[in-house]
Amino acid sequence: VYAHDRGVDFRVALSPEQAVRQATVLILGVPLPNFRMPCSWISPGAVVINVAAQPNICEESILQVPGVRYVPKIGRMTVAMLQRNLARLIYNFHLPSA
C-alpha cells in the first residue's frame with residue numbers, strides 16, 4: 001500500500017482495509033468484473049471515484065454511507081489521460097536509464 005503526501009509517494013505498513021478506512025479520497029480502478037470494495041471500509045464524507053469500466057463497489061450501498069460523494073463513471077478522455085500518465089510514470093521511474 002502506498003500513500004501520497006506533498007508530491008511524494010511512499011510505502012506504508014497498513015493493510016488495504018486500514019488504508020481505505022483512513023482515506024478521504026478513494027479511486028477505484030480494478031479491471032475485474034467481480035471485484036467489489038466493501039462499503040463498510042469507507043469512512044463517512046469520503047469521495048469515491050470509479051475509473052474502472054465496471055462498478056467496483058455496490059452503488060446502492062455506497063450511497064448509504066453518510067456524506068459520501070460518489071462518481072460512478074468517468075469519460076473516455078479521462079481514462080485515456082490516466083493510461084498516458086501511468087505509461088509516463090513507468091517510463092520515468094521504473095525503467096532503467098539508457
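Just so you know, these numbers use all the heavy atoms, side chains as well, and skip hydrogens, waters and symmetry mates.
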Flag side-chain contact, heavy atom, 4.5 Å: Thr78 against Val51: no
Over all atoms of both residues, closest heavy-atom pair of Cys39 and Ser61: SG-CB, 3.5 Å
Within-4.5 Å side-chain heavy-atom neighbours: Arg84 and Met81: yes
Note, Asn56 side chain near Met37 side chain (heavy atom, < 4.5 Å): no
Tyr70 with Ile49, same ILVMFWY side-chain cluster at under 4.5 Å: no
Main-chain N/O of Ala46 paired to Ser43 side chain as donor or acceptor, under 3.5 Å: no
Sub-4.5 Å side-chain heavy-atom contact between Val20 and Ile42: yes
Hydrophobic cluster identity match, Leu32 and Ile57, side-chain contacts under 4.5 Å: yes
Val68-Val25 co-clustered via ILVMFWY side chain contacts under 4.5 Å: no
Heavy-atom pair with the smallest gap, counting every atom of Pro33 and Arg36: O-NH1, 3.3 Å
Spacing of CD1 belonging to Ile62 relative to CG belonging to Leu26, to within rounding of 0.5 Å: 8.0 Å
Heavy-atom neighbours of Arg76 CZ exceed 12 at 6.0 Å: no
